[in-house]
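Heads up, the thing below is written out as structure tokens.
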Amino acid sequence: MADSREPPPLFNDDDDSHKDDDNDDLFTSAVQELPSDPDTTLVDAPCVESANMSSFDAPVEDAGTTGVTGSDDVVGTAESVDQSSPPANSTSDSVPATSEEVSLDDEVDDSALFNATSAPKLQLSQDVPEPPVPASSILPPMGAPLTPPVAPITPTVTPNLTPNVTPAAPAPVTPLPAVRQSPEELEAESGDEFIEIQVSDPQKIGEGMSSYMAYKVTTKTNITYFRKKNWSVTRRFSDFLGLHGKLVEKHLHSGRIIPPAPEKSAIGTTKIKLGSDKTAESGSQDFIEKRRASLERYMNRTGAHPTLRADPDFREFIELDAELPRATQTSALSSAGVLRLFNRVGETVNKMTFKMDESDQWFEEKTQQIESLDAQLRKLHLAMEGLVAYRRELAVSTASFAKSAAILSSVEEHSALSRALHQLAESTERTHTIHHAQADADFYYLSEITKDYIQLIGAVKDVFHERVKTFQTWQHAQSMLAKKREAKAKAELAGRMDKVQQAQEEVAEWEVKVERSQEEFDRISRAIKKEVDRFDVVRVKDFKDMLVKYLEALMTSQQQIIKVWETFMPEAKAIA
């Protein structure tokens with residue numbers, strides 16, 4: 001079969017100089033020693049076997065890139081052989097392909113890979129004479145190792161070495177588990193749950209000063225921990241204020257931003273109680289509608305918070321189909337209201353007198369941003385109130401002009417002019433209605449939303465102040481710990497062992513308090529950062545929706561006004 005002559009050794013294993021020698025005759029010797037016997041295979045040739053085995057005996061530094069590096073070394077060697085002494089029956093393309101693709105561990109029909117009548121050359125094309133060579137016999141499955149411990153050749157390398165061969169079907173690869181979900185997946189998951197709360201049908205219950213306003217609260221949701229998907233309950237205004245007080249008491253110290261409830265107006269409430277449904281003034285009706293819209297916005301903001309909507313008090317408020325216990329701390333003129341007023345004054349004085357040495361750059365920047373946002377929103381709200389007032393004044397003036405034009409048309413003797421004045425009065429009256437509707441849109445889409453966010457900025461400030469109070473508690477615990485340690489040291493120096501034990505216990509107690517206060521400060525800082533980030537996202541969305549709705553209402557009103565005056569134009573031109 002093969003030539004029995006023992007080929008000379010290619011290099012000495014003890015000599016490392018062959019690793020850097022690019023001019024050796026490794027592949028030239030291997031090719032020239034191949035016999036011409038057609039039955040001789042590549043594996044049976046001892047010289048080729050020795051060359052292939054020696055090429056894989058080189059030390060591997062990086063298992064992840066061995067396949068690519070090995071191919072570069074072999075190609076470089078083949079190029080050097082071709083430049084120095086190229087044989088007539090050997091090419092540089094056959095040798096690298098042999099050293100890269102053919103594995104000694106794979107049982108391949110090697111007689112089909114070589115042409116016996118020509119020089120030894122690896123056939124990697126599908127145009128081989130009968131029988132055709134299946135691709136699976138030449139290429140291992142993609143992703144499978146060539147020879148241990150050589151790393152698998154990536155799919156980007158294998159097609160470049162065998163461009164004319166259709167690779168075998170790749171073996172299924174199990175994907176690595178995802179470390180975290182993408183923002184799109186998180187958004188899709190959060191979008192699956194929704195809760196929509198509608199406050200409607202305000203009605204007065206009772207007569208005189210003991211009467212109150214009740215509202216119908218309708219909830220639609222698909223959240224699993226609610227018992228129903230669609231239901232309605234009746235709540236009075238003090239119930240909303242009581243719910244807000246409970247949420248503040250339970251969640252404000254944890255760093256949660258609690259949406260503010262509508263403020264209670266003593267004057268507006270008194271007007272409603274003393275009036276009746278039949279003789280209700282337009283001002284009272286406007287007050288009731290404003291309060292209803294404010295309650296609806298408050299409930300939806302609270303329900304959108306994942307922590308607040310899972311609170312038992314909130315769930316009881318929207319689910320319990322019965323009258324809730326009377327909230328006694330919500331009256332504006334009660335002793336509790338006066339106590340809240342004094343507490344607010346004390347909190348304000350504390351904010352002004354105590355200055356915290358902020359060590360977190362994030363909180364320092366956010367505090368300045370919140371203060372600037374508060375000032376700008378107040379300016380915007382003042383401008384919106386002026387716009388609404390001017391729009392309402394324009395509507396009133398337009399209505400007065402319509403009445404004057406109607407009166408003038410009735411006394412005009414010229415028939416065409418009288419008819420035109422009459423049409424002018426009607427067109428102006430319709431314009432008055434459009435101006436009034438636009439004034440309402442300005443109020444509810446711009447002014448009220450801006451006012452709500454001024455109150456929300458106040459809630460954010462309350463959360464920041466809660467962190468300052470936690471810091472004060474931490475600093476107080478540290479100062480007390482220092483005093484207790486000083487007292488212990490004095491007792492030890494005085495030799496009063498009876499007080500040393502007591503001082504040691506006090507020191508241990510205050511050390512626990514200091515550690516607990518520091519943990520509380522770190523916890524509320526993390527919670528506030530998360531809450532403010534969520535607040536910024538919701539704020540941008542709310543203002544975008546506000547502007548879109550306002551512009552849509554403004555465009556609709558302007559189009560209606562254009563249609564009104566286009567209708568009037570033929571009447572004006574018909575005056576002869």
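One-based numbering along the sequence shown. These numbers come from the heavy atoms of this one structure, side chains and all, not from hydrogens, waters or symmetry mates.
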Mind checking ring pair (Phe, Tyr, Trp, His ring centres under 6.0 Å) for [X] and listing every partner two or more places apart, or none if nothing turns up?
{"X": "Tyr215", "answer": "none"}
{"X": "Phe226", "answer": "Trp231"}
{"X": "Phe464", "answer": "Phe363"}
{"X": "Tyr444", "answer": "none"}

Residue pairs involving residues 477-487 (criterion side-chain hydrogen bond (donor to acceptor under 3.5 Å, both in side chains); sequence neighbours excluded)
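Sorted pair list: Lys484-Glu506, Arg485-Glu511.
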Qualifying side-chain hydrogen bond (donor to acceptor under 3.5 Å, both in side chains) pairs, either residue in residues 491-505, two or more places apart
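Applying side-chain hydrogen bond (donor to acceptor under 3.5 Å, both in side chains) to every pair that reaches into residues 491-505, excluding sequence neighbours, yields Lys488-Gln504.
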Go through Ser254 and Arg256 one step at a time and tell me if the side chain to side chain donor-acceptor pair (under 3.5 Å) criterion holds.
CA-CA 6 Å; Ser254 300; Arg256 308 294 182 187; 5.7 Å; no
Check whether any side-chain heavy atom of [X] lies under 4.5 Å from a side-chain heavy atom of [Y], and answer yes or no.
{"X": "Arg534", "Y": "Pro306", "answer": "yes"}
{"X": "Pro259", "Y": "Leu456", "answer": "yes"}
{"X": "Arg539", "Y": "Leu373", "answer": "yes"}
{"X": "Lys529", "Y": "Asp360", "answer": "yes"}

Give the intermediate values and the outcome of side chain to side chain donor-acceptor pair (under 3.5 Å) for residues Asp442 and Gln438.
CA-CA 6 Å; Asp442 294 343; Gln438 184 60 43; 2.9 Å; yes
Answer yes or no: is there an ion pair linking Glu466 with Lys469, defined by an N-O contact shorter than 4.0 Å?
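Salt bridge: yes.
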Would Lys366 and Glu358 pass as an ion pair if we require N to O under 4.0 Å?
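The answer is no: the pair does not qualify as a salt bridge.
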Answer yes or no for Arg291 and Phe237: cation-pi contact, defined as NZ/CZ to six-membered ring centre under 6.0 Å and angle to ring axis within 45°.
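Yes, a cation-pi geometry holds between Arg291 and Phe237.
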